[in-house]
Each structure stands twice: as structure tokens, then as C-alpha cells.
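Everything on this sheet refers to the single structure shown next.
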Amino acid sequence: MTPGKLAEVLGEPPAPEGGWESEAVYVSAAAPRRGVPPDELAGRVRALPGVRAVEVRRDGLLRITVSAPGELLEWLELPRVPVPAWPDAPRTWDNPGFVVRYGHARACAVLRWARELGVPETGFRPELLDDPRDRRVLRLLAELPGRAGSRDPGWRSYLVRLALAYHDAHEQAPAVPKGDEPPGAVHTARVRLAAAVAAVLPGPDRL
């Protein structure tokens, strides 16, 4: 199951809920919005592979838990995010522009290092993005469809939050092998995550 299939059944992309550190949850208002009985729509969603649970809330919204949030990367269409007019200096963590640009540069560096170290480009296994830090980045990427369609997407604060989450993942859940560690499937998955972050965060490829 990919979130794209979920959106197809619901008729619209669901919205992520919570932090996703322990469970990946989407919420959908498709049933009341489309005039479809919530239990009927919930049954169709439960039939999708990769859906762990579906709860019908009292307000008719569906609370959907998925097994592998990393499947988001196989479906996500990245919107064109406007680049805020942040100053270049100072290049410190107090400057949100630096935080965002450095996040982009770090993600681009991962892509270069992965090629140099022989991290396989194929064989993506989304279920391996199960570290809480990876999941926090995925949770923020899951906001993109909703923000792209919003009249007030709040891109400035969003880009900072995504960059900070990625910095944490970059440092604590490495995407490339360390020392004598051989490249493996988890590195392939994290490089795929870095590629998505690099495509969303604006900035130079090297900083």
C-alpha cells in the first residue's frame, strides 16, 4: 500500500496526525465531505495492504494507522516551495535561513557520499525507516500535499521544522556507512529520505 492508493480510495489525500515516532497515523474527513457512510469507507480502507487499523471517530472522520510510513516516499509528489527571503548571515543556528540551507546542503552531501561509498540505489525497503528520527522527517513530508493545497501553507515555519528534524536524523540515524560498516538496505532507505528532503529544502548543494 502506498499513500497514493489510500488517497485514491478516500478521494483525497489524508492528513498526518501526531508525531509518528511510535505509530504513523493519518486522519481523513473524506466520509462526511463526500457524503459516504464512514463505516463503508472504513471497510474499503481496511482492505488495503499496509493499513494496520482504521477507527471511525464520532465525528465521522477516519483515523488510519499504516504499517510502513516510509511508503510515502514512493508516492510523494514534491510541490514547488517558494524560497523565503532569509538573510545569508549570520551562519548560525539562530538564523532560520542558515538552518534550512544547511539542511539542504547536508542532504545533498549524503547523496554524493552514498555514490562514493557504494550505497545501492535500488532495493528501497520503506519499512526500514523505523527509527524515530526518520519517522519524524517522514511525518513532516506527509504534510506536503495538504500544505500545497492550502491558501495559507505557512512555508517559512514548515521549512525550518523539516530542516531541524532532518539535522537530527542526519546526526543520529546516519544515511551512509560509518567506518568499516558495509552499505546496506537501511542506508538505501535513508538516502532515499535524504533525496526527498534535498528536493524540498531550498539552498546551495554545498555550504
I'd like to know if the side chain of [X] and the backbone of [Y] have a donor-acceptor N/O pair within less than 3.5 Å.
X    : Y    : answer
H167 : V99  : yes
H104 : R101 : no
R63  : V25  : no
R135 : W20  : yes
E40  : P37  : no
D131 : A173 : no

Student check: side-chain heavy atoms of [X] and [Y] closer than 4.5 Å:
X    : Y    : value
L129 : V137 : no
R147 : V81  : no
P145 : W75  : yes
R133 : E21  : no
R57  : V27  : yes
V54  : L41  : no
L10  : V45  : yes
S67  : V51  : no

So which atom in [X] and which in [Y] form the shortest heavy-atom distance, rounded to 0.1 Å?
X    : Y    : answer
G70  : P126 : C-CB, 3.4 Å
L128 : A189 : CB-CB, 4.4 Å
L162 : L140 : CA-CD1, 3.7 Å
V83  : P202 : CG2-CB, 3.7 Å
S28  : P14  : CB-CB, 4.3 Å
A114 : V176 : N-CG1, 3.9 Å

Within 6.0 angstrom of E121 CD, more than 12 heavy atoms from elsewhere: no
ILVMFWY cluster, [X] and [Y] together (side-chain gap under 4.5 Å):
X    : Y    : result
L111 : L193 : yes
L61  : Y26  : no
L48  : V56  : yes

Look at [X] together with [Y] and state whether they make a salt bridge at an N to O cut-off of under 4.0 Å.
X    : Y    : value
R190 : D134 : yes
E23  : R139 : no
D205 : R112 : no
E8   : K5   : yes
E12  : R33  : yes

Full working for salt bridge (charged side-chain N to carboxylate O under 4.0 Å, His left out) between E171 and K178: CA-CA 12 Å; E171 295 170 5; K178 298 293 185 181; over 6 Å; no
Aromatic plane relationship, Y158 with W155 - under 30° parallel, 30 to 60° tilted, over 60° perpendicular: perpendicular
Step-by-step side-chain contact (heavy atoms from CB on, under 4.5 Å) determination, V66 to L72: CA-CA 10 Å; V66 299; L72 170 73; over 6 Å; no
Full working for side-chain contact (heavy atoms from CB on, under 4.5 Å) between V110 and V197: CA-CA 11 Å; V110 162; V197 171; over 6 Å; no
Just verifying a value: how many Å separate [X] [atom1] and [Y] [atom2], rounded to the nearest 0.5 Å?
X    : Y    : atom1 : atom2 : value
F98  : L207 : CZ    : CG    : 6.0 Å
L62  : D59  : CG    : CG    : 9.5 Å
R136 : D168 : CZ    : CG    : 5.0 Å
D88  : N95  : CG    : CG    : 7.5 Å
L159 : Y166 : CG    : OH    : 15.5 Å

Aromatic F124 / basic R192 pairing, under 6.0 angstrom, 45° off normal: yes
Verdict with reasoning, E143 to R161, per side-chain contact (heavy atoms from CB on, under 4.5 Å): CA-CA 11 Å; E143 293 183 17; R161 289 168 54 221; 3.0 Å; yes
Worked verdict on Y102 versus R91 for side-chain contact (heavy atoms from CB on, under 4.5 Å): CA-CA 9 Å; Y102 187 33; R91 293 191 171 186; over 6 Å; no
Derivation and outcome, salt bridge (charged side-chain N to carboxylate O under 4.0 Å, His left out), residues R46 and E55: CA-CA 10 Å; R46 287 190 189 100; E55 173 191 347; over 6 Å; no
